[in-house]
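What follows is one structure encoded as structure tokens, with my remarks underneath.
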Amino acid sequence: MPSRSISVHLPFVVALDGPAGAGKSTIAKNLANEINVAYIDSGSIYRTLTYIGLTTFQSIEGFEDQIAAIFNTNLEALRIIYTNQQQEIYWNNTLLGEELHSLALTKQIKWVANHAACRDIVNQKIRHIALTYPVVIDGRDIGSIVFPNTPYKFYLDASLEERTRRRAAEKNIAENTEAFFDLQNNIAQRDHTDQTRSIAPLKQADDAVYLDTSSLSINQVVQSLVASIIQKQKD
Ligand code: DC
């Protein structure tokens, strides 16, 4: 088993960045499982901030400072729990599940994602976790901004069509239906807002390994990442 050759000493952060639907969360979970470390889905923390805004103010735009303040003063209300390498998020003892992934919520994330105080508080939370656990983290700016010094940085990509097919399969949406094209538009718009926002835009870190996952199986990608981590530890 190649993962046995990986030595894990804190800090140990594997950064997996890339656009929506590139397979990051599936790969991150499988990789974390394979090398026996925790998994953090940073997107779900941005989703939680958006959820807090929608449930408190029914809107996000214009409320970003207040959302960051609520999050900051109630950091203990956010609990991230790892069960079998799966991440569960609780806010005020409520397990947040599918509500974090609705299209309506997803369309509003851009407001918190482009707000410095919101990003700072998410980064603070993630960096704190990484002091305690070895982790695989997926997101947009993990290798470029949050952990610029980690040697293990990967940028996972796939074509827009393939990414839409993957997200549609997760949501039981049939291909080439109106819902499918809505999803495709939403992903394309998110690519644009993630890549062009003024703070921490989605981009490949200079020293990240690029992997196009369009025609690779989950296991192929995971094994390729494991091999790359082992190689970096030998270098
Ligand atoms: O990974 P995801 O699709 O659940 O992420 C949702 C949104 O959160 C994404 O469109 C942009 C934002 N995000 C971010 O700005 N930075 C991260 N590290 C992770 C997510």
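Order of appearance sets the numbers: ligands from 1, and atoms from 1 within every ligand.
Of the heavy atoms in Arg119, only side-chain atoms (C-beta onward) come closer than 4.0 Å to ligand 1. Here Arg140 has heavy atoms under 4.0 Å from ligand 1 in both its backbone and its side chain. At a heavy-atom distance under 4.0 Å, only side-chain atoms of Asp194, from C-beta outward, approach ligand 1. Under 4.0 angstrom from ligand 1, there are no non-hydrogen atoms of Lys107.
Closest to atom 19 (C) of ligand 1 among all protein heavy atoms lies Ser42 OG, 3.4 Å. Closest protein heavy atom to atom 6 (C) of ligand 1: Arg190 NH1, 3.4 Å. Nearest protein neighbour of atom 13 (N) of ligand 1, counting heavy atoms only, is Tyr46 CD1, 3.7 Å.
A donor and an acceptor atom, one from each side chain of Ser217 and Asn219, are nowhere located under 3.5 Å apart. Using modelled atom types and a 3.5 Å distance limit, the side chains of Asp138 and Tyr39 yield a donor-acceptor pair. Side-chain N/O atoms of Gln124 and Asp120 include no donor and acceptor closer than 3.5 Å.
Here is the list of ligand 1 atoms found below 4.0 Å of a heavy atom in Arg47: 2 (P), 3 (O), 4 (O), 6 (C). For ligand 1 and Asp141, the ligand atoms under 4.0 Å from any heavy atom of the residue are 16 (N), 17 (C), 18 (N). Ligand 1 places these atoms under 4.0 Å from at least one heavy atom of Ile109: 6 (C), 7 (C), 8 (O). Each of the following atoms of ligand 1 lies closer than 4.0 Å to a heavy atom of Ala113: 15 (O).
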Let me check something: any side-chain donor-acceptor pairs from residues 101-113 under 3.5 Å, sequence neighbours excluded? List them with distances.
unit_1, atom_1, unit_2, atom_2, d
Ser102, OG, Leu105, N, 3.1
Thr106, OG1, Arg47, NH1, 3.0
Thr106, OG1, Ser102, O, 2.7

Anything under 3.5 Å between a donor and an acceptor, one on a side chain of residues 9-17, the other on a protein residue two or more places apart or in another chain? List them.
unit_1, atom_1, unit_2, atom_2, d
Asp17, OD1, Arg140, N, 3.1
Asp17, OD1, Asp141, N, 3.2
Asp17, OD1, Ile142, N, 2.9
Asp17, OD2, Ile142, N, 3.2
Asp17, OD2, Gly143, N, 2.7

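In Asp206, the CG atom is not crowded: 12 or fewer heavy atoms of neighbouring residues, nucleotides or ligands sit closer than 6.0 Å. By the neighbour-count criterion of 12 heavy atoms within 6.0 Å, atom CD of Glu178 is sparsely surrounded, having that number or fewer from other residues, nucleotides or ligands. Enclosure of atom OH in Tyr133 is not indicated, since only 12 or fewer non-hydrogen atoms of other residues, nucleotides or ligands lie within 6.0 angstrom.
The pair Arg166-Glu170 fails the salt-bridge criterion, with no side-chain N (NZ, NE, NH1 or NH2) lying under 4.0 Å from an Asp/Glu carboxylate O.
Heavy-atom proximity to atom 20 (C) of ligand 1, evaluated over Ala200, Gly43, Cys118, Ser44, is greatest for Gly43.
In this structure, Arg197 counts as a contact residue of ligand 1, since one of its heavy atoms falls inside 4.0 Å of the ligand.
Inclusion of Asp41 in the set of residues having an N or O under 3.5 Å from an N or O of ligand 1 is not warranted.
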